[in-house]
Amino acid sequence: MMSEAAERLAKVRADIAGAAQRAQRRAADIELIAVSKTHDANAIRPLIAAGQRHFGENRVQEAAAKWPELQGETPGIILHLIGQLQSNKAEEAVALFDAIHSVDRSSLVQALAKACDKAGKRPQLFIQVNIGDEEQKGGCTVANLPALLTEAKNAGLSIDGLMAIPPADVDPAPYFALLDELAERHGLPLRSMGMSGDYENAAMLGATHVRVGTALFGSRG
Ligand SMILES: *Cc1c(COP(=O)(O)O)cnc(C)c1O
């Protein structure tokens, strides 16, 4: 019998495959990140047992407390930081994560460039774009994106893609399309977009990474 986690995972994977097919994309080009923030190791293990390898966390501290043990149990886990990163945690983040989706400002670009140099490794990097120009939301503005990309380039920091969280309670499709277009315009191959409520939509509109928490783990309470 399949565990509940395995059933949820199978459904999300099938949804992504269906969306990819409708858009004539390859499902293999869409990476599913299981967002495990707030969930403990016992909640995560069934997903690992079901074959999931990419996981997302939004806090460096929480990830550092939880993941080394799980990574010791199962090789090949890929960790993604999807939450805000303070510049003074850049070194720790570079050491712990395989990808950082929340590069959003000049000071962080500089801190990450230094941290990558020092560590001799570079995680995949996404610039988070405040795609709906919302006041309270993180991410660099659409208008500032070219300048931030130039700054990263000058600092010797390669950027792989863009990440966005569209405004809540409106159709996300135009925002996914805009992020895809911005990535295309700047020659960036990766697009991190789509969450539990809209990952099929995102998968149809060019996402290379979808970040799914609730649909895999249930509510965060
Ligand atoms: C929590 C979170 C997610 C996952 O959200 P769900 O709605 O639970 O799928 C995705 N992206 C970011 C940046 C998050 O903070």
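Computed from a predicted model, the values in this text were never measured in an experiment. Order of appearance sets the numbers: ligands from 1, and atoms from 1 within every ligand.
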note = among protein heavy atoms, the one nearest atom 8 (O) of ligand 1 is Thr214 OG1, 2.6 Å

ask   = Between the main-chain N or O of Gly83 and the side-chain N or O of Lys37, is there a donor-acceptor pair closer than 3.5 Å?
value = no

query = For atom 6 (P) of ligand 1, what's the nearest protein heavy atom and its distance?
reply = Ser196 OG, 3.5 Å

Residue and atom name of the nearest protein heavy atom (relative to atom 11 (N) of ligand 1), distance in Å to one decimal = Arg211 NE, 2.9 Å

message = I'd like to check Ser102 versus Gln84 (side-chain heavy atoms, cut-off strictly below 4.5 Å). Are they in contact?
response = no

query = Do Ser36 and Glu57 have side-chain atoms, one donor and one acceptor, less than 3.5 Å apart?
reply = yes

inquiry  = I want to check something: taking the side chain as every heavy atom from C-beta on, are Asp98 and Ile78 in contact at a cut-off of under 4.5 Å?
reply    = yes

task = May I ask whether Ile82 places a heavy atom under 4.0 Å from ligand 1?
result = yes

Joint hydrophobic cluster, Val109 plus Leu190, side-chain heavy atoms closer than 4.5 Å = no

inquiry  = As a check for students: among Gln128, Arg220, Lys37, His80, identify the option with a heavy atom nearest to atom 1 (C) of ligand 1.
reply    = Lys37

ask   = Which ligand 1 atoms, with their elements, are less than 4.0 angstrom from a heavy-atom of Ile165?
value = 13 (C)

Residue Val212 vicinity, atoms of ligand 1 by number, heavy atom under 4.0 Å = 9 (O)

ask   = Mind checking whether Phe217 and Phe55 have parallel, tilted or perpendicular rings, split at 30° and 60°?
value = tilted

inquiry  = Quick test of your reading of the structure: of Met195, His209, Met193, whose heavy atom lies closest to atom 5 (O) of ligand 1?
reply    = Met195

